[in-house]
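This report refers to the structure that appears directly beneath it.
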Protein chains: 4
Amino acid sequence: MAPELRADAARNRARVLATARAQLAEHGSALPMNEIARQAGVGVGTVYRHFPTRQALLEALVVDSLARLASEADRACAEPNPLTALERLLRSAFGLLADSPGLDAVLADGAPQYPEALNLLGGFAASVDQVLARARAAGVVRAELAADDIRRLMCGMQHAIQTGGDVASKVDLYAQVLVAGLKAPEGAARADDSSQPPARGQSVPGDSRARGR
Amino acid sequence: MAPELRADAARNRARVLATARAQLAEHGSALPMNEIARQAGVGVGTVYRHFPTRQALLEALVVDSLARLASEADRACAEPNPLTALERLLRSAFGLLADSPGLDAVLADGAPQYPEALNLLGGFAASVDQVLARARAAGVVRAELAADDIRRLMCGMQHAIQTGGDVASKVDLYAQVLVAGLKAPEGAARADDSSQPPARGQSVPGDSRARGR
Amino acid sequence: MAPELRADAARNRARVLATARAQLAEHGSALPMNEIARQAGVGVGTVYRHFPTRQALLEALVVDSLARLASEADRACAEPNPLTALERLLRSAFGLLADSPGLDAVLADGAPQYPEALNLLGGFAASVDQVLARARAAGVVRAELAADDIRRLMCGMQHAIQTGGDVASKVDLYAQVLVAGLKAPEGAARADDSSQPPARGQSVPGDSRARGR
Amino acid sequence: MAPELRADAARNRARVLATARAQLAEHGSALPMNEIARQAGVGVGTVYRHFPTRQALLEALVVDSLARLASEADRACAEPNPLTALERLLRSAFGLLADSPGLDAVLADGAPQYPEALNLLGGFAASVDQVLARARAAGVVRAELAADDIRRLMCGMQHAIQTGGDVASKVDLYAQVLVAGLKAPEGAARADDSSQPPARGQSVPGDSRARGR
DNA sequence: GATGAATGAGATTTCATTCAT
DNA sequence: GATGAATGAAATCTCATTCAT
């Protein structure tokens with residue numbers, strides 16, 4: 001589906017990506033295009049050809065993480081218990097956000113330029129939607145929350161984590177705060193939600209890897 | 001206490017602040033120094049003399065809001081019920097954050113350059129500390145939370161609010177989520193905490209940060 | 001003699017030429033290769049295959065004019081009066097230069113890449129040589145002038161014409177200036193030069209360059 | 001009259017000019033701005049601040065030559081004999097053109113951006129006008145020629161000189177050709193032109209600069 | 001060969017920050 | 001100190017030319 005890059009072009013693209021990834025890890029998401037071009041040993045024009053905007057470059061850098069985000073969310077859909085499903089989804093997402101510099105920026109932007117990133121983000125949103133719908137039906141989360149609120153709140157928590165030191169230890173704590181905060185205020189879980197989750201993605205019960213890292 | 005600015009300098013400072021405030025309201029916290037100088041009718045150097053960094057300018061712009069933040073937090077300390085006190089504190093803070101563009105950035109930075117801002121933020125932190133200590137003593141909030149976590153989480157929520165449209169309606173919702181998330185997981189509130197709030201400005205024992213990771 | 005282009009290649013070549021001609025007429029001799037390729041509906045590579053350099057393309061565009069230039073010069077050789085012959089030659093050349101955008105550039109370059117253009121230019125030079133030799137023998141032009149000076153001076157005049165507005169009216173005036181300037185300073189025309197012009201393409205004695213500086 | 005450059009700015013300006021002059025001498029009037037900035041040890045922005053366009057830079061590079069051109073032309077005005085005056089003017093101009101790379105481009109452009117260059121060129125034109133008026137009055141030059149034609153023809157001759165090798169020896173020859181070409185076709189000098197040249201620097205009726213462009 | 005996507009050198013602009021006056 | 005002209009790093013775009021397919 002992608003236009004089958006020419007071999008040399010693919011090589012250059014890869015070089016740029018590698019350089020940009022190093023920059024991202026070291027100097028954050030500023031991603032100076034000229035500097036990246038220089039370090040990658042290509043002209044600026046080449047960088048711009050492959051990645052018309054800094055946002056596009058950022059998306060390309062996190063597309064793998066985005067894929068994992070979507071896939072983990074999909075797997076969470078298979079979890080029978082609605083609340084557990086939501087928790088799994090959030091924890092895996094937090095783990096990825098913590099490990100993938102730049103992912104938060106793309107998630108915060110909400111509207112990727114690249115179709116691939118857009119699709120992946122859409123898939124993630126769909127999974128969130130589904131998990132959320134079940135949780136809501138079960139009465140275990142606030143009824144006012146939509147899938148997009150989850151995205152925003154995740155970004156917010158990530159921001160809180162990065163706003164200060166002691167990052168590692170905060171991931172868990174803030175994740176717990178968020179999960180707890182999403183729950184329906186009362187203990188008023190609705191009667192029954194034994195509806196089996198849809199077969200999507202087929203799951204493994206007890207895939208309990210909590211948070212990454 | 002301030003070095004008594006010369007009259008013209010004071011006038012320039014005021015002009016710069018006014019212009020910067022307008023910019024902040026209109027174009028966000030980018031605060032282009034050249035542009036502000038131009039609009040204020042002064043040289044860039046003058047802007048830099050009064051405000052060595054953008055952060056300093058930002059602090060100067062929100063110092064009033066910061067004062068109100070501290071004062072509202074102080075008032076919350078007077079609230080007898082520990083949980084109510086915390087809720088009051090958070091709600092007032094959220095209200096101010098929503099109304100004061102730039103305040104979130106200063107809060108997120110955590111370490112103001114200007115003594116005045118630093119003091120105000122310190123006062124706010126002290127109030128939070130106190131309210132939190134009482135709440136923790138009453139068992140109504142997670143034991144792991146320190147005052148600085150409250151600051152960070154507030155910034156995170158603010159970030160979540162701004163990451164997307166529909167800002168107005170999200171303020172309340174996300175504030176509720178945060179308040180709920182902070183509460184101790186179990187209904188295990190300790191027997192009674194009708195103890196009067198400690199005298200203002202005084203620290204509270206047991207302020208230790210809880211578990212490491 | 002040309003390697004018999006494949007039918008499609010010939011069609012492409014023709015398209016490129018047509019497009020380039022339009023560009024030349026409209027936007028001068030800048031001839032942006034990418035743009036021409038785009039307008040001609042071919043790839044840039046195709047343009048470069050047919051015309052390795054902009055100069056080559058230019059030569060191809062003016063080859064007809066070059067042919068007419070050579071042919072008119074050849075006809076001028078037949079004129080019995082040596083001065084009239086020179087004048088005819090120059091006037092026809094100026095007429096062509098004025099009507100053929102790009103011809104001046106090829107003439108100024110002096111050393112075409114394409115054999116065809118090179119031959120035509122050589123033919124023109126030979127005619128100039130011959131006319132000049134007779135004029136010199138008759139004492140009606142400066143003895144120091146060689147055929148190549150004529151070429152250069154023609155280019156110079158063309159440049160003068162284009163350096164400023166009012167092009168049409170200047171063609172004649174500057175041509176007259178040149179013709180007059182070439183004439184031998186004194187009225188010292190040598191006795192008679194009714195000798196028939198030598199056979200075409202043959203060189204002429206007395207072509208020596210005169211005084212150095 | 002000039003805005004009194006700051007000392008460091010003047011130093012930078014001088015550096016840029018020196019570098020540009022070297023480029024001009026070595027690689028012609030292409031004047032790559034980035035390269036000049038690099039070699040001069042300044043940022044591109046600095047080059048652009050001092051010289052907004054390549055043409056402006058070129059003008060700055062030849063302003064001295066332009067001054068000498070104007071001054072020599074002014075001196076030629078003092079020459080009593082109208083034809084000699086014209087010849088002196090042209091010869092000095094050709095000498096300068098041959099020695100000042102870039103001067104021809106500015107002369108050919110005809111409309112400098114910099115006031116200083118514009119004034120100097122205007123002064124030159126005025127002198128040409130005056131010399132020409134006298135020569136015309138004396139009947140020694142073609143009546144159709146205006147001062148601007150002289151400028152254009154000079155540029156044309158310069159072009160002819162540069163279009164080919166043997167530059168040194170052509171300067172004189174082509175200058176002679178031009179001078180001769182400008183003379184009135186017939187020996188029909190008008191009766192008398194013993195009128196003394198006007199005092200130097202003083203204006204002459206009919207001093208109007210020819211075409212404004 | 002024929003093709004056009006891909007390349008990189010350079011042009012030009014913007015803007016935060018410095019520093020001579 | 002107060003000032004704003006001056007600086008240069010980086011952003012972004014254009015285009016002639018190359019070269020993998």
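Lettering follows sequence order; numbering is per chain, from 1.
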note = Note: for B:Thr46 and D:Arg49 on DNA chain F, the residue whose nearest nucleotide lies more 5' is B:Thr46

task = Could you check which of F:dA10, E:dA6, F:dT3 has an atom nearest any side-chain atom of A:Pro32?
result = F:dA10

task = Please confirm whether the backbone N or O of C:His50 pairs with a side-chain atom of C:Arg13, one donor and one acceptor, at under 3.5 Å?
result = no

ask   = Between B:Arg152 (side chain) and B:Ala108 (backbone), is there a donor-acceptor pair under 3.5 Å?
value = no

request  = With pairs defined as Watson-Crick or G-U wobble and both distances under 3.5 angstrom, please note down DNA chain F as a dot-bracket string, | for pairing with another strand.
outcome  = .||||||||||||||||||||

query = Between the side chain of B:Gln23 and the main-chain N/O of B:Pro32, is any donor-acceptor distance below 3.5 Å?
reply = no

query = Got a donor-acceptor contact below 3.5 angstrom from the A:Arg15 side chain to the A:Gly41 backbone?
reply = no

message = Tell me the interatomic distance from D:Ile36, atom CD1, to E:dA9, atom C1', rounded to whole angstroms.
response = 15 Å

Restricting to nitrogen or oxygen on both sides, can you table the protein-nucleotides 17-21 of chain F pairs closer than 3.5 Å?
residue	atom	partner	partner atom	Å
F:dT17	OP2	C:Tyr48	OH	3.0
F:dT17	O4	C:Asn34	OD1	3.2
F:dT21	OP1	A:Ala7	N	3.1

task = Can you tell me the distance, in whole Å, between the CZ atom of C:Phe51 and the C1' atom of F:dA16?
result = 17 Å

ask   = A:Ala9 side chain: which of E:dA6, F:dA10, F:dT7 is closest?
value = E:dA6

message = Let me spell it out: for each of A:Glu35 and B:Gly41, pick the nucleotide of DNA chain F with the closest heavy atom. Which residue's pick is nearer the 5' end?
response = B:Gly41

request  = Name the residue closer to the 5' end of DNA chain E, choosing between B:Leu31 and A:Gly43 according to the nucleotide with the nearest heavy atom.
outcome  = A:Gly43

inquiry  = Classify the ring geometry of D:Tyr114 against D:Phe51: parallel below 30°, tilted from 30° to 60°, perpendicular beyond 60°.
reply    = tilted

query = Are C:Asn12 and E:dT3 close enough that a side-chain N or O sits under 4.0 Å from OP1 or OP2?
reply = yes

note = B:Arg38 CZ to F:dA5 C1', in whole Å, measures 16 Å

message = Looking at A:Glu59 and A:Gln113, would you say the former's side chain and the latter's main chain have a donor-acceptor pair under 3.5 Å?
response = yes

inquiry  = Tell me if the CD atom of C:Glu116 is crowded by more than 12 foreign heavy atoms within 6.0 Å.
reply    = no

note = Atom CZ of D:Arg15 and atom C1' of F:dA6 are separated, to the nearest Å, by 14 Å

N/O (side chain, D:His50) to phosphate O (OP1/OP2, F:dT7) under 4.0 Å = yes

ask   = Less than 4.5 Å apart, any side-chain heavy atom of A:Leu107 and any of A:Val62?
value = no

task = I would like to know whether B:Val106 and B:Gln55 meet side-chain contact (heavy atoms from CB on, under 4.5 Å); could you show each step before the answer?
result = CA-CA 7 Å; B:Val106 173; B:Gln55 192 67 19; 4.3 Å; yes

